[in-house]
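One structure is given here, and the rest of the page talks about it.
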There are 2 protein chains.
Amino acid sequence: MKWKELEEEPCSMARTIGVIGDRWTLLILRECFLRTRRFEGFQSALGITRHLLAERLKKLVRQGILRRIPYQESPKRHEYILTQKGLDLYPIMMAIVHWGDTHMVDERGRPLLHQHRKCGKDFDPVMVCSECGEPLSAKEVHTHPGPGARSAPAAAAPTTSKTKARSRAA
Amino acid sequence: MKWKELEEEPCSMARTIGVIGDRWTLLILRECFLRTRRFEGFQSALGITRHLLAERLKKLVRQGILRRIPYQESPKRHEYILTQKGLDLYPIMMAIVHWGDTHMVDERGRPLLHQHRKCGKDFDPVMVCSECGEPLSAKEVHTHPGPGARSAPAAAAPTTSKTKARSRAA
DNA sequence: AACATACAGTTCTAAAATAGAACTGTCAAA
DNA sequence: TTTGACAGTTCTATTTTAGAACTGTATGTT
């Protein structure tokens with residue numbers, strides 16, 4: 001599979017993975033949420049090669065996740081700032097951190113704590129149902145096709161090769 | 001950076017990314033949550049090469065995210081089932097899907113809907129503060145070092161090369 | 001008996017992505 | 001005049017991934 005194709009699959013997860021689903025991109029986004037804004041900042045914080053960093057930043061800008069804002073003229077320099085679309089990635093980041101806090105910490109405990117300004121307490125992120133407010137777990141959720149589903153009879157995707165992907169959505 | 005190193009960084013996000021932060025792994029996990037359990041099931045659903053699939057499944061088993069359970073003798077065959085550690089990835093998956101539903105759908109709308117068995121309604125996942133129950137956003141959260149933080153003065157990491165990563169945690 | 005099929009891998013080569021280092025170019029400060 | 005900060009770009013070497021074929025056990029078919 002070419003990764004461009006991912007973004008066109010009838011699956012919100014595949015599409016999202018096509019955009020942010022690689023290691024460096026996720027780490028770059030971590031830095032964004034930690035307020036890093038400049039090329040050298042990302043590079044020295046992450047140890048990523050300059051080549052890849054330039055690539056990934058371009059992609060994130062193309063995708064509307066970062067905005068490239070000039071902060072000085074001559075030589076022209078820019079900062080990379082999260083757009084609203086980028087800020088909306090926050091639950092993904094927090095969910096990843098929280099899983100790591102739960103399953104990947106050593107004896108020393110969590111590297112970082114998160115304090116909620118509104119209530120002043122250190123917290124964990126909890127994912128709840130938008131309708132009833134109860135915490136969610138996989139077993140309590142039933143998945144069913146929505147309007148954008150690629151229904152089996154329609155469009156009749158050829159599925160030429162035996163090894164091609166069946167259509168599947170999420 | 002070698003990806004093994006990621007798992008040892010003092011950052012829950014880096015560690016988690018080291019385990020599940022690549023495209024195929026995330027897609028394999030999607031299939032797991034959609035109840036796929038067998039090698040051929042994953043392969044035909046995703047179109048992943050058999051070689052990589054075998055690799056990734058092994059890694060997920062090593063990490064305790066999947067359990068390999070025999071379902072027949074001679075020839076020995078196994079199913080791959082999510083452990084509790086694997087099931088705990090659900091908020092990450094839902095957060096990814098939800099972002100895609102918000103920012104990556106076409107005119108046709110969402111490919112999949114999610115129904116909460118408890119309340120019976122189609123829902124969106126919402127991330128809230130465990131302490132006060134309010135929805136979270138990046139701007140309302142203050143991050144500070146926890147017990148597992150790699151504090152600057154201690155341990156005195158050499159940081160030999162100019163291009164090596166500064167220590168950074170999340 | 002001979003053949004095809006299901007299943008779960010393993011093994012190969014070619015193509016693509018990433019690592020690592022060096023280089024470019026503008027400007028400011030020493 | 002030299003050095004350093006900054007934001008890249010360019011190059012080669014290494015590592016990963018893609019793609020296809022092959023292995024091996026067992027069942028079902030002709």
Side-chain angles (χ1 to χ4, degrees), chain A residues 1-6 17-28 31-32 36-62 66-81 160-166, chain B residues 1-6 17-18 20-28 31-32 36-62 66-81 159-166:
Chain A
M1 195 191 301
K2 280 104 202 170
W3 290 113
K4 273 284 176 185
E5 292 174 29
L6 261 191
I17 290 171
V19 178
I20 60 154
D22 81 286
R23 291 162 140 132
W24 284 125
T25 299
L26 255 2
L27 289 171
I28 289 167
E31 289 305 309
C32 292
T36 299
R37 296 155 125 72
R38 299 184 184 179
F39 192 93
E40 296 291 318
F42 291 109
Q43 204 284 320
S44 67
L46 296 173
I48 184 177
T49 65
R50 311 176 72 77
H51 177 65
L52 262 202
L53 176 57
E55 278 262 322
R56 292 293 191 273
L57 289 173
K58 260 181 214 156
K59 180 169 182 188
L60 287 167
V61 169
R62 263 205 318 277
L66 297 179
R67 205 192 320 275
R68 196 157 165 272
I69 312 257
Y71 71 91
Q72 73 171 40
E73 293 294 321
S74 77
K76 271 216 166 197
R77 295 264 184 272
H78 302 81
E79 293 190 315
Y80 296 90
I81 317 266
T160 33
S161 157
K162 218 168 49 169
T163 46
K164 272 277 165 57
R166 269 195 274 126
Chain B
M1 194 189 303
K2 280 102 201 171
W3 290 112
K4 272 283 174 186
E5 292 173 29
L6 259 192
I17 290 170
I20 61 154
D22 79 286
R23 291 162 139 132
W24 283 125
T25 299
L26 255 2
L27 289 170
I28 288 167
E31 289 306 309
C32 291
T36 300
R37 295 156 126 74
R38 299 185 185 177
F39 193 93
E40 294 292 317
F42 291 109
Q43 203 284 320
S44 67
L46 297 173
I48 184 176
T49 66
R50 311 177 72 76
H51 178 65
L52 260 203
L53 176 57
E55 278 261 321
R56 292 293 190 272
L57 288 173
K58 260 181 214 154
K59 179 168 183 189
L60 287 168
V61 169
R62 264 205 317 279
L66 297 179
R67 204 191 320 276
R68 196 157 165 273
I69 314 253
Y71 71 90
Q72 74 170 41
E73 292 295 318
S74 79
K76 272 217 166 197
R77 295 263 186 272
H78 302 83
E79 293 189 316
Y80 297 88
I81 316 267
T159 312
T160 35
S161 158
K162 221 171 40 171
T163 46
K164 271 276 166 60
R166 269 195 276 127

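Source: prediction; values computed, not measured. So you know, we letter chains A, B, ... as the sequences are listed, proteins then strands, and number each from 1.
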Please check the phosphate of D:dT25 (OP1 and OP2 only) for any side-chain N or O of B:Ser74 closer than 4.0 Å.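 It does not, given that no N or O in the side chain of B:Ser74 lies less than 4.0 Å from OP1 or OP2 of D:dT25.
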For [X] and [N], what is the distance between atoms [atom1] and [atom2] respectively, to the nearest whole Å?
X       : N      : atom1 : atom2 : result
A:Phe39 : C:dT24 : CZ    : P     : 17 Å
A:Leu57 : D:dA7  : CG    : P     : 10 Å
B:Arg37 : C:dA8  : CZ    : P     : 13 Å
A:Leu46 : C:dG20 : CG    : P     : 14 Å
A:Leu26 : C:dT18 : CG    : P     : 13 Å
B:Leu53 : C:dT10 : CG    : C1'   : 13 Å

Expected rows: protein N/O vs nucleotides 14-19 of chain D N/O, under 3.5 Å:
| from | atom 1 | to | atom 2 | distance (Å) |
| --- | --- | --- | --- | --- |
| D:dT17 | OP1 | B:Arg56 | NH2 | 3.0 |
| D:dT17 | OP2 | B:Arg56 | NH2 | 3.4 |
| D:dA18 | OP1 | B:Trp24 | NE1 | 3.3 |
| D:dA18 | OP2 | B:Trp24 | NE1 | 3.0 |
| D:dG19 | OP2 | A:Met1 | N | 3.3 |

Please determine, for the side chain of B:Arg77, which listed nucleotide (D:dA7, C:dA6, D:dG8) has the closest atom?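 For the B:Arg77 side chain, the nearest candidate turns out to be C:dA6.
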When you get a sec, tell me which of C:dG9, D:dA5, D:dA26 is the closest nucleotide to the side chain of B:Pro75?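 Closest nucleotide to the B:Pro75 side chain: D:dA26.
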Side chain of B:Arg67, backbone of B:Val61: donor and acceptor closer than 3.5 Å?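 No; zero donor-acceptor contacts below 3.5 Å.
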Check whether B:Glu79 reaches the backbone of B:Arg68 with its side chain - one donor and one acceptor, N or O, closer than 3.5 Å.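 No, because the side chain of B:Glu79 does not come within donor-acceptor range (under 3.5 Å) of the backbone of B:Arg68.
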Presence of salt bridge, B:Arg50 and B:Glu40, under 4.0 angstrom: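 Yes, this pair counts.
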